[in-house]
Every structure is written in structure tokens, then in C-alpha cells.
There are 2 protein chains.
Amino acid sequence: MEENLGLRERKKMATRMALHEAAVRLAAERGADNVTIDAIAEAAGVSRRTFTNYFANKEEVFYYRDAHRLRRLCESIRQQPAADPWTVLTGAAADLLGEAFAEANTSWLTQLRTLHRDPNHLAHQIAAYTAIERDLAVEIAARVPGPDAELRARVLVATFLAALRTSVQFWLDNPGTSLPETFRRVSGMVSLTPA
Amino acid sequence: MEENLGLRERKKMATRMALHEAAVRLAAERGADNVTIDAIAEAAGVSRRTFTNYFANKEEVFYYRDAHRLRRLCESIRQQPAADPWTVLTGAAADLLGEAFAEANTSWLTQLRTLHRDPNHLAHQIAAYTAIERDLAVEIAARVPGPDAELRARVLVATFLAALRTSVQFWLDNPGTSLPETFRRVSGMVSLTPA
DNA sequence: CCTTTGCTTGCACTCCAGGCAACTTTGCAC
DNA sequence: GTGCAAAGTTGCCTGGAGTGCAAGCAAAGG
């Protein structure tokens, strides 16, 4: 997808990914709270100072993948033609979840499950989702008709992200389930009344 | 409501509240990021060390009121007789929001608005909501029939909290609106398909 | 090449989280 | 009341996190 980038850009992406992967691996090994930034930086082969150039804190590095996917989702929404917002959102989500589900191998899954087991981290996962809530709401508001557009768009986006997050959470909690199928079930349970 | 408590308990509640109010006031004055724990503790008349006996971090002290209300909501749900979960949730929420709306005077509102203006803090507000998501889901799961009970309860609770949070956010963003009325509008936009 | 631009790193400093031990206040039984 | 035990407060101290700054270095592009 994003090829044709200079060496500099490619190195930055590699460093980001190395930090993220080192962080998740270490967290799965010894628990997220027992991982210091120094340890992550060392495992990724950079200095502690460089870590903080890439991520503002530990939570960010753990949820980098989630945040990245959500930003891509936001991008893909932006490029969709105007259509029923809920359909656009769930459609884009289905694509992304399919991709995530496909690339989730066993060891990766185990690491993710270990990370999500920590109840403290639920809040941080949500923070990642929230970071794009405003952006997404702005994008959606433009497609919602009626005088209620702003409020309706916010409700739409908040509900959508809640559904997405619940799906991922349930999928991680229940080994053997399919992520896209779980999302399909979840989005079937909630409906937004049309304007 | 909770009277008949010993001096010790009443003092603790007072200290908690003093810390919370000092924190919100200082944050409104100079921005949440420019408030140190030392400043909050001093303003509340206790030592910095005592602050950390009461709250684990700055976000917790800012959202103490929200978290407290949500815990009370969870309690009130627990005591409700078995009934339609969505009705129980929105009913309990309406009560709490009415109370919050009634006790919100102008200066308090201004402080809250300043706090919520910081986009960084949206994530922390959500964290507060999330902290009780699991507890609430357990409570609700017992009232949801059908084989999907667990998943359905989670979706129900996540959607409900999203609606609640969106209502508060919208109300703060739009001076002059009524909080209970906003929540009524929002919950009218969402519907959960029955089992 | 050689300049420019931008990334990395170490250093220094402030703030935060929490264990520990001394001290003070409250609760309660006598 | 008096005294003791339980609980709360505080200061001290250690380790970790976040960030501005300046020096060094590597890539980009003439």
C-alpha cells in the first residue's frame, strides 16, 4: 500500500513497529505493569529518549496497532461516497476486522489476550478508540440529514465504536470465535432510528 | 442519604470532596496540565502524600464526581426488580442526570466546560465510564434471556454508557440545553433489538 | 561531494507513584 | 475520663515517566 517511501520514512515505520512489538511481547511475558520504557527501548534497539519521540507513554505503544487501524478506518470513511452512515461505518469496520482477524496468529493472540486480561487496560483500550471519536463524528455529521445532525452523528459514532470495541473484547475473551462474525452479531443487536 | 457515619468517615468524605473541588477549580483557572498534585493538596489543606492515599492519579480526582455517580447508578440497578434491562438502565440514568442537572450551578458548569474542552481529557472521562462497564454488564447479564445473554448484555451496557456519555458531552458543549432532555433525545435515537 | 534537513541520543530537571516508619487522631471498652 | 488499638496523615526516599536542549549523525537532494 504505502510503498515508494524514502529510507528515512521506512526506518521510522520500522522503529515504531519494533517498539510496539517489543512492548506487547514484554507485556505478555512479565505483565504490562512490570515493563519499563527502558526495557522496551532496549528490546527494540533504541534509546529511552527515542521511545518518547515516538510514543507519549506506555499505553500508546501497546495500542498502536488498534489506533493505527482506527485511523485507517477514519480515512476510508472519508473517501466513501455519501451513503447511509451506519452502513458505511459497519462496512468499513467489517473490512478492517477481517484483515485483523486474518493476520492474527496464535502467539499474537496470546499476547493480546494477556494484555487485555488486565482490567486496568480496558480503560486504555477505550482511550485509543476515543481518540478518533471526534474526527469520525465530524466526518459523519456531514452525511447525516436533518436538524439533529450534530447530535445524531455523535450518537451514531459513539454507538458504532462501542459495538466495535465490544466485538473485539468478546472475541478475545472467547477463543474459537470469529471476529468478523462476532461483529456481525453485535451490529445486528443495535439499530439507530432513522432521522 | 448516608448519614449516621462516624467522624472518621465524614472527615474522609470531606477530604475527598475538598481534593476534588480544589482540583477542578485549579484546572479551570490554569488548565488541567498546569495543575500539580502538590498544588491540589495544598489547596485542599493536606499533604501531597495524603492526596495519593485518596486518588491514584490526577485524572481520578478530576472525574471523581462522575465515577461516584456511576457507582451509585450501578448500585441502584442492582436493587431494581428484574425488568426490561434497557428500561431499567435509562430509568436509573434519568434519575441521576436529573440530580446532576439540578445541582449544576453556573460556576461549576464553567469549570466542567473548561475541563472538558481539553481534548486529551475526553479519553480520561471515558476511562471513568469504562471502569464500571464490567460490573454493570454482570448485573445486566442476569436479566437478559436467551443464549446470547453474555454478548447481548455487554452490547447493551456499552451502548447505554455511550449514550450517557454522549448526552453529557453534548450538554456541556451546548449551553442552554437541558441534560435530562438531551438524554431523552439520545436514548430515543438508539434501539436494541429484543432477543 | 557538500549542504541541508531531520532523527537520535545523552543530559538535566521536574513531576508522579508508592513503600516505609514515625506520629496523630478517632473509636471503643472499661 | 483513661488507655489502648485501629486507622489516617505525613515526611522521606527510591525508581520511573515526560520533556527541553544541544550535540552528533545519517539521509535527501542538489
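None of these values were measured; they are calculated from a predicted model. Chain letters run A, B, ... following the sequence lines, proteins first, then strands; residues in each count from 1.
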> Whole Å only: how far is the CG atom of B:Asn53 from the P atom of D:dC12?
Replying inline: 16 Å

> Between atom CG in B:Asn57 and atom P in D:dG16, what is the gap in whole Å?
Replying inline: 19 Å

> Does a side-chain N-to-carboxylate-O contact under 4.0 Å join B:Glu103 and B:Arg65?
Replying inline: yes

> What is the distance, rounded to the nearest whole Å, between atom CZ of A:Phe55 and atom P of C:dT8?
Replying inline: 12 Å

> Contact class for B:Thr36 (heavy atom, under 4.0 Å): base, sugar-phosphate, or nothing?
Replying inline: sugar-phosphate

> Below 4.0 angstrom, N of the basic side chain to O of the carboxylate: do B:Arg154 and A:Asp173 qualify?
Replying inline: yes

>> Can you pull out the residues from residues 37-51 of chain A that lie within a 4.0 Å heavy-atom distance of DNA chain C?
In response: A:Val46, A:Ser47, A:Arg48, A:Arg49, A:Thr50

>> How many whole angstroms separate atom CE of A:Met13 from atom C1' of C:dG6?
In response: 18 Å

> Hey, does the Lys NZ or Arg CZ of B:Arg69 hover above the aromatic six-ring of B:Tyr64, less than 6.0 Å from the centre and inside 45° of the axis?
Replying inline: no

> Does NZ or CZ of A:Arg113 come closer than 6.0 Å to the centre of the six-membered ring of A:Trp108, within 45° of the ring's axis?
Replying inline: no

> Quick one: is A:Tyr54 getting a side-chain N or O under 4.0 Å of the C:dT8 phosphate, OP1 or OP2?
Replying inline: yes

> What's the verdict on side-chain contact (heavy atoms from CB on, under 4.5 Å) for A:Arg16 and A:Phe55, showing C-alpha distance, side-chain angles and the deciding distance?
Replying inline: CA-CA 9 Å; A:Arg16 240 194 188 78; A:Phe55 298 100; 4.0 Å; yes

> Is the shortest side-chain N to carboxylate O distance from B:Arg25 to B:Glu29 below 4.0 Å?
Replying inline: yes

> Is the shortest side-chain N to carboxylate O distance from A:Arg165 to B:Glu133 below 4.0 Å?
Replying inline: yes

> For A:Leu26 and D:dG16, what is the distance between atoms CG and C1' respectively, to the nearest whole Å?
Replying inline: 16 Å

> How close or far is atom P of C:dC15 from atom CD of B:Glu59, stated in whole angstroms?
Replying inline: 16 Å

> Is B:Leu96 reachable from B:Leu112 through a run of I, L, V, M, F, W or Y residues, each pair having side-chain heavy atoms under 4.5 Å apart?
Replying inline: yes

Between the protein and nucleotides 25-29 of chain D, list every N/O to N/O distance that falls short of 3.5 Å.
unit_1 : atom_1 : unit_2  : atom_2 : d
D:dA26 : N3     : A:Arg8  : NH2    : 3.3
D:dA27 : OP1    : A:Lys11 : NZ     : 2.5
D:dA28 : OP1    : A:Leu7  : N      : 2.7
D:dA28 : OP1    : A:Arg8  : N      : 3.3

> So do the side chains of A:Met17 and A:His68 get within less than 4.5 Å of each other, counting heavy atoms only?
Replying inline: no

> Between the two end axes of the helix from C:dC1-D:dG30 to C:dC30-D:dG1, each built from 5 base pairs, what angle do you get to the nearest 10°?
Replying inline: 30°

> Any salt bridge between A:Arg72 and A:Glu75, counting N to O under 4.0 Å?
Replying inline: no

>> Rounded to whole Å, please give me the gap between CG in B:Asn34 and C1' in D:dT19.
In response: 14 Å

> Do A:Asp148 and B:Arg185 meet the salt-bridge criterion of a basic N to acidic O distance under 4.0 Å?
Replying inline: yes

